[in-house]
Number of protein chains: 2
Amino acid sequence: MMLTPTMQRCVLHWGEMASRWGVSRSVAQIHALLFLSPEPLTAEDIAATLALARSNVSVSLKELQSWDLVHVTHVLGDRRDYFHARKDIWEVLTTIMDGRKKRELDPTVHLLRDCVNEAKRDADTPEPVKERIASMLEFLEELSTWYEQVRGIPRPTLIKLMRMGARVAKVAGN
Amino acid sequence: MMLTPTMQRCVLHWGEMASRWGVSRSVAQIHALLFLSPEPLTAEDIAATLALARSNVSVSLKELQSWDLVHVTHVLGDRRDYFHARKDIWEVLTTIMDGRKKRELDPTVHLLRDCVNEAKRDADTPEPVKERIASMLEFLEELSTWYEQVRGIPRPTLIKLMRMGARVAKVAGN
DNA sequence: CTGTCAGTTCAGGTATTTCTGAAAGTACGA
DNA sequence: TCGTACTTTCAGAAATACCTGAACTGACAG
């Protein structure tokens, strides 16, 4: 798979962005490449195209699979793994958000719940701090259930809602 | 400022989370501390409480100020800077999102626009790849304008909408 | 002026993450 | 059972991000 200059720019930029979001550059570049590629690619292909070590590609692909962003397919009479990425951008986004929610939001809510309980039998923590922690918890819990709800709305409806922009506000009754 | 064990847990966890989101640990810890603290703190205070180098605190505070999450105040007859963080969680969230949009989403849209234009006079890039880039651009542009719109909805309305959860879907007319 | 206090800058050390290459593992066909 | 083709593992190298300490600046009081 040869990269045209345009494709290169995309892949490189994707890598840059990823590192600002706590994702390793290779993982992101591989994801970008698979996202763009019309055909599934082998690990070897990817390593050659992006000039990465074969082993790095292997590990990064596992990571992407654990995020459910990349899948394996096979070709008859070929025992190599062929990798392809989800192509639907909506799905890519929701998949990433689901993952981050599970790995970051949920544990944080958990911890805050602990802290709030702990704070009850804790005379040292000043009252305003306790309140702040509690309000943080409440906020994240609301955010979390809101996300679950919205996540369940069928896509076409969601797109309609999105296109409505600020006009959705009218259902709030004012 | 002495940290109670509960406060410590919060601050440390905030630091962990941050590093998964591409924010340095000290920056996040300082932010957490200021967010919890009922009173504004001096840089010296912060350094002592979190056991960080004074210079690190100085730089991190600048960073937090550049994100508009932390502000300086002064006390009469005291030339030290007192720092305090936005306490309103909604505002904290929107401020962070505004920042990330400006620093990451907008430049990405820009780049993709370039790529799409470039692709027009580029015979090498395969057609399906061009389409994929274009659809990515379109998606991010939609996301971006949607965000702008929703950002403009007054907070009480937004909260109502949020509490409605999936029921907002009914305005989409089905 | 001079000394002190607060804040900033930055070169360089430290820690962490990321990546690599060699070696080991696995599956399959002959 | 061996050879081949492919994949995975992992110790340590390389790159990067992060933090520190020392030196500097500037503002003020005496």
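The shown structure was predicted, so the numbers you read here are calculated from the model rather than taken from an experiment. First the proteins, then the strands, lettered A, B, ... as listed; each starts at 1.
Taking atom CG on B:D78 and atom P on C:dT4, their separation rounds to 19 Å, with Å as the unit. Rounded to whole Å, atom C1' of C:dC19 lies 13 Å from atom CG of A:L50. Put simply, CG on B:D45 is 11 Å from P on C:dA6, counting in whole angstrom units. If you take CZ of A:R80 and P of D:dT8, they are 14 Å apart, rounded to a whole angstrom. Atom CZ of A:F83 and atom C1' of D:dT8 are 11 Å apart (whole Å). Here the P atom of nucleotide D:dT8 and the CD1 atom of A:I46 are 12 Å apart, to the nearest Å. Taking atom CG of B:L64 as the reference point, atom P of C:dT8 lies 13 Å away to the nearest angstrom. Following rounding to the nearest Å, A:R20 (CZ) and C:dT18 (P) show an atom-to-atom distance of 16 Å.
Remark: the backbone N or O of B:V92 is not paired with any side-chain donor or acceptor of B:K87 at under 3.5 angstrom.
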Q: Give the B/S/- string for nucleotides 16-30 of chain D, one per nucleotide from 5' to 3', where a protein heavy atom under 4.0 Å of the base yields B, of only the sugar-phosphate yields S, and otherwise -.
A: S-SSBB-----B---

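Ring pair B:W90/A:F139 is perpendicular by interplanar angle, where above 60° counts as perpendicular and below 30° as parallel.
Sparse packing is recorded around NE2 of A:H110, with 12 or fewer heavy atoms of other residues, nucleotides or ligands lying under 6.0 Å away. A 6.0 Å sphere centred on CZ of B:R54 holds more than 12 heavy atoms belonging to other residues, nucleotides or ligands.
Looking at A:E91 and A:R155, their side chains come closer than 4.5 Å, going by heavy atoms from C-beta outward.
Checked for salt-bridge contact, A:E104 and B:R20 meet the test: a charged N lies under 4.0 Å from a carboxylate O.
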